[in-house]
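Everything below concerns the one structure shown next.
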Amino acid sequence: GRLTGVPVLINTSFNKQEPIVATPEEALSCYLRTEMDVLVMGNTYTRDRPPVAVRKARGSFEVVEINTRSGD
């Protein structure tokens, strides 16, 4: 922030067990399912995690595990 005047942290690999987030909906879902401190999108800043929204995000997300060992 002191160097650029822009006090922002950007996580360039914004995801968890999924492809990198590409839409606002994916960003919100990832935020609700993880332990990120805050979510900033455009002019929106939030630390809120309504329990109903967290349950919905977790319930609609499916982790697909892929075996990456060769020959399997």
Side-chain angles (χ1 to χ4, degrees):
R2 288 188 305 262
L3 293 174
T4 65
V6 182
V8 174
L9 171 66
I10 298 176
N11 180 347
T12 58
S13 59
F14 184 4
N15 64 333
K16 184 170 183 177
Q17 299 176 323
E18 62 193 302
I20 293 175
V21 166
T23 67
E25 293 82 7
E26 291 172 353
L28 182 56
S29 174
C30 187
Y31 168 74
L32 290 169
R33 292 181 286 103
T34 64
E35 296 182 18
M36 284 184 233
D37 295 324
V38 299
L39 178 64
V40 179
M41 288 192 297
N43 293 331
T44 302
Y45 170 100
T46 188
R47 295 181 60 149
D48 294 337
R49 278 193 171 79
V52 171
V54 170
R55 284 192 299 275
K56 184 175 179 181
R58 288 182 179 157
S60 65
F61 182 77
E62 178 182 343
V63 174
V64 177
E65 295 192 27
I66 299 172
N67 187 338
T68 58
R69 294 184 298 175
S70 74
D72 291 345

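These values consider heavy atoms only, across backbone and side chains, with no hydrogens, waters or symmetry-generated copies.
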Q. Under a 4.5 Å cut-off applied to non-hydrogen side-chain atoms, are C30 and M36 in contact?
A. yes
T4 meets the side chain to side chain contact (heavy atoms under 4.5 Å, CB included) criterion, sequence neighbours left out, with V6
All heavy atoms of N15 vs all of V21, minimum pair found to be CB-N, 4.3 Å
Going by chain and number, the hydrophobic cluster around L3 (ILVMFWY, side chain to side chain under 4.5 Å) further includes none
Discussion item. Evaluate L39 against F14 for side chain to side chain contact (heavy atoms under 4.5 Å, CB included), listing each step before the verdict.
Written reply: CA-CA 11 Å; L39 178 64; F14 184 4; 4.0 Å; yes
With sequence neighbours left out, the residues meeting side-chain hydrogen bond (donor to acceptor under 3.5 Å, both in side chains) with R49 are Y31
Those residues at least two apart in sequence (or on a different chain) that pass side-chain hydrogen bond (donor to acceptor under 3.5 Å, both in side chains) with E18 are R33
For T34 and K16, the nearest pair of non-hydrogen atoms, with its separation, is CG2-CD, 3.7 Å
d(E25 CD, L28 CG) to nearest 0.5 Å is 8.5 Å
In short, side-chain hydrogen bond (donor to acceptor under 3.5 Å, both in side chains) pairs touching residues 50-60 with sequence neighbours left out are none
Heavy-atom nearest pair, L32 first then A53, reads CD1-O, 3.8 Å
For V38, the hydrophobic cluster (side chain heavy atoms closer than 4.5 Å, chained through members) also holds V40, Y45
